[in-house]
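Worksheet: one structure, shown below.
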Amino acid sequence: MRTIGFSTGALAKGDFRRGLELCRKHNLRAVELSALRFHELPALMEALPELDLSGFEFVSIHAPSQYEASEEPRIVGLLEKAVGRKIPVVIHPDAISDTSAWRAFGDLLLLENMDRRKPIGRSVGELGHFYNLLPKAGFCLDLGHARQFDPSMTEAGLLLIHYTDRLRQFHVSEVNSFSRHERLSWLSYFSFQRVAGRIPPKVPVILESVVNENEIDAEVRFALDCLGARLEATPAPAPGPVLHPVPTTGD
């Protein structure tokens, strides 16, 4: 069975404690602590030593997705606390100003492929530029980003072929035309099935679908079904409507 969980930002935007509580309540074994906005990072890093992360098989942190170049040294310094605890850090390639500042993170730095609105980091070639500069970095495959960038899922397949050895986690959600994360639909289901067989079963799944608490279990079951790894013997229910989630910026 795949290890699966949620980004705290998808469950409780800006409230990592509540997101963590919901993951635990629903017996999820993976969690990504979200600090997508720069102002969220100091509080998360301050709380990190006291957070109860027991019971989780996989924990990662998502670094801020936008910040000024002058703020990068402080962000790196704060995230060193996570790396010191062997917690991987997911970073958007387009947010990096000084690659040398991140090199000490080694394989605990996970580069994430981007959606089509970003100018870099979307394809094998564009990510290859960063791996040349950060040769030990790992990979976080965002299936929603990959599908939005190339609906045929050809690029997603190429990313898996080229970077499977670097793959440490992957993001799953529907990413709409405005680069916002929503609940999975049958369109995502059929798209993700095209590449699901290439994803090693040991790689943890982090859902970024924006859901309320009552939708968590159904979204988990449907995501696992998308990936050919059902939680139960019974078929997963169809996803709920995708019109009601509160929009969030792409991550």
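This structure is a prediction, so every number in the text was calculated from the model and none was measured. These numbers come from the heavy atoms of this one structure, side chains and all, not from hydrogens, waters or symmetry mates. The residues of the chain are indexed from 1 along the displayed sequence.
- Atom-to-atom distance recorded for Ser191:OG and Met153:CE is 6.0 Å, nearest 0.5 angstrom.
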- Item | Working for side-chain contact (heavy atoms from CB on, under 4.5 Å), residues Ile206 and Val172 | CA-CA 6 Å; Ile206 296 295; Val172 173; over 6 Å; no
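- More than 12 heavy atoms of other residues, nucleotides or ligands shown are found within 6.0 angstrom of CD on Glu213.
- In this structure, the side chain of Arg183 does not engage the main chain of Val211 through any donor-acceptor pair within 3.5 Å.
- Listed by chain and residue number, nothing satisfies the side chain to side chain donor-acceptor pair (under 3.5 Å) test with Arg24 (two or more places apart in sequence, or in another chain).
- In this structure, Leu224 is a member of the same hydrophobic cluster as Val31, with clusters built from ILVMFWY side-chain heavy atoms closer than 4.5 Å.
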- Under the side-chain contact (heavy atoms from CB on, under 4.5 Å) criterion, do Tyr189 and Leu184 qualify, and how do the steps go? CA-CA 7 Å; Tyr189 176 94; Leu184 293 164; over 6 Å; no
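- Taking a 6.0 Å sphere around CD of Glu71, one finds it holds more than 12 heavy atoms contributed by other residues, nucleotides or ligands.
- Considering every non-hydrogen atom in both Leu11 and Cys23, the closest pair reads CD1-SG, 3.8 Å.
- A donor-acceptor pair under 3.5 Å links the side-chain atoms of Gln193 to the main chain of Asp225, judged by distance alone.
- Applying the side-chain hydrogen bond (donor to acceptor under 3.5 Å, both in side chains) rule to pairs touching residues 49-58 yields Thr3-Glu57, Arg29-Glu57, Asp52-Ser54, sequence neighbours excluded.
- Using a 4.5 Å heavy-atom threshold, the side chains of Ile75 and Pro64 count as touching.
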- Query: Given the rule in the side chain to side chain donor-acceptor pair (under 3.5 Å) test, do Glu155 and Ser123 qualify, once you have shown the distances and angles that lead to the verdict?
  - Reply: CA-CA 6 Å; Glu155 193 63 43; Ser123 64; 4.6 Å; no
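- Residues that satisfy the side-chain contact (heavy atoms from CB on, under 4.5 Å) test with Gln148, not counting sequence neighbours, are Asp115, Arg116, Val175, Ser179.
- Of all heavy-atom pairs between Ser185 and Glu174, the closest is OG-OE1, 2.6 Å.
- Aromatic pair Phe139/Tyr163: centroids less than 6.0 angstrom apart.
- Using a 4.5 Å heavy-atom cutoff, the side chains of Leu51 and Leu44 are in contact.
- Proximity of Ile4 to Leu227: side-chain heavy atoms (C-beta onward) are nowhere separated by under 4.5 Å.
- Placement of Phe192 and Leu187 in two distinct hydrophobic clusters is found when ILVMFWY residues are connected by side-chain heavy-atom separations under 4.5 Å, directly or transitively.
- Within the structure, salt bridge (charged side-chain N to carboxylate O under 4.0 Å, His left out) contacts touching residues 126-135 (residues at least two apart or in different chains) are Arg122-Glu126.
- Between Ala10 and Ser209, the closest heavy-atom pair is CB-O, 3.3 Å.
- With Thr8 contributing its side chain and Ser34 its backbone, the two residues share a donor-acceptor pair below 3.5 Å.
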Enumerate, atom names and distances included, each donor-acceptor pair closer than 3.5 Å involving a side-chain atom of residues 128-138, sequence neighbours excluded.
unit_1	atom_1	unit_2	atom_2	d
Tyr131	OH	Gly138	O	2.8
Asn132	ND2	Gly128	O	3.3

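- Cluster partners of Val90, using a side-chain heavy-atom cutoff of under 4.5 Å among ILVMFWY residues and allowing indirect links, are Leu110.
- Atom CG of Asn27 sits about 11.0 Å away from atom CD1 of Ile216, to the nearest 0.5 Å.
- Separation of atoms NE2 (His62) and CD (Glu32) is listed at 5.5 Å; rounding is to 0.5 Å.
- For Glu21, the side chain to side chain donor-acceptor pair (under 3.5 Å) test picks out Arg18, with sequence neighbours left out.
- The NE2 atom of His145 sits 5.0 Å away from atom CD of Glu112, with the distance rounded to the nearest 0.5 Å.
- Using a 4.5 Å cut-off on side-chain heavy atoms (C-beta onward), Ile61 and Met45 make contact.
- In this structure, Phe149 has no ring-ring contact (aromatic ring centres under 6.0 Å, His included) partners at least two apart in sequence or on a different chain.
- Transitive grouping of hydrophobic side chains (ILVMFWY, heavy atoms separated by less than 4.5 Å) brings Phe190 and Leu143 into a common cluster.
- Between Ile87 and Lys81 there is no side-chain heavy-atom pair separated by less than 4.5 Å.
- The closest donor-acceptor contact from the side chain of Gln169 to the backbone of Ser60 lies at 3.5 Å or more, if one exists at all.
- Put simply, CG on Asp142 and OG on Ser173 are 6.0 Å apart, with the number rounded to the nearest 0.5 Å.
- Residues forming a side-chain contact (heavy atoms from CB on, under 4.5 Å) with Val83 (at least two apart in sequence, or on another chain): Val89, Phe105, Leu108.
- In terms of heavy-atom proximity, Arg17 sits nearest to Ala47 at NH2-CB, 3.3 Å.
- The salt bridge (charged side-chain N to carboxylate O under 4.0 Å, His left out) pairs that include a residue from residues 84-102 are Asp94-Lys118, where partners are two or more places apart or lie in different chains.
- Scanning for ring-ring contact (aromatic ring centres under 6.0 Å, His included) contacts around Phe170 gives an empty result, with sequence neighbours left out.
- Of the possible polar contacts, one joining the Arg2 side chain to the Pro200 backbone as a donor-acceptor pair under 3.5 Å is found.
- Summarising the geometry of Pro73 relative to Ser70, their closest heavy-atom pair is CD-O, 3.5 Å, with the distance given to 0.1 Å.
- Side-chain contact between Leu159 and Val195: absent, with no pair of heavy atoms (C-beta onward) separated by less than 4.5 Å.
- Remark: Leu79 CG to Leu109 CG distance equals 9.0 Å, nearest 0.5 Å.
- For residues 159-171, no pair satisfies salt bridge (charged side-chain N to carboxylate O under 4.0 Å, His left out), with sequence neighbours left out.
- Clustering ILVMFWY residues whenever any of their side-chain heavy atoms sit less than 4.5 angstrom apart, transitively, puts Phe16 in a cluster other than the one holding Phe58.
- The environment of Arg198 atom CZ is sparse: at most 12 non-hydrogen atoms of other residues, nucleotides or ligands sit within 6.0 angstrom.
- His92 places no side-chain N or O within 3.5 Å of a backbone atom of Ser65 that could act as its donor or acceptor partner.
- Residues Val203 and Leu141 are not in side-chain contact: their nearest non-hydrogen atoms beyond the backbone lie 4.5 Å or more apart.
- Hydrophobic clustering places Leu207 together with Phe222 (ILVMFWY residues linked when any side-chain heavy atoms are closer than 4.5 Å, directly or through intermediates).
- When all heavy atoms are compared, the tightest approach of Pro42 to Leu78 is CG-CD1, 4.1 Å.
- Counting heavy atoms from C-beta on, the side chains of Phe6 and Glu219 come closer than 4.5 Å.
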- Task: Take Phe38 and Arg74 through the test side-chain contact (heavy atoms from CB on, under 4.5 Å) and record every step on the way to the result.
- Result: CA-CA 10 Å; Phe38 177 41; Arg74 186 184 177 204; 3.8 Å; yes
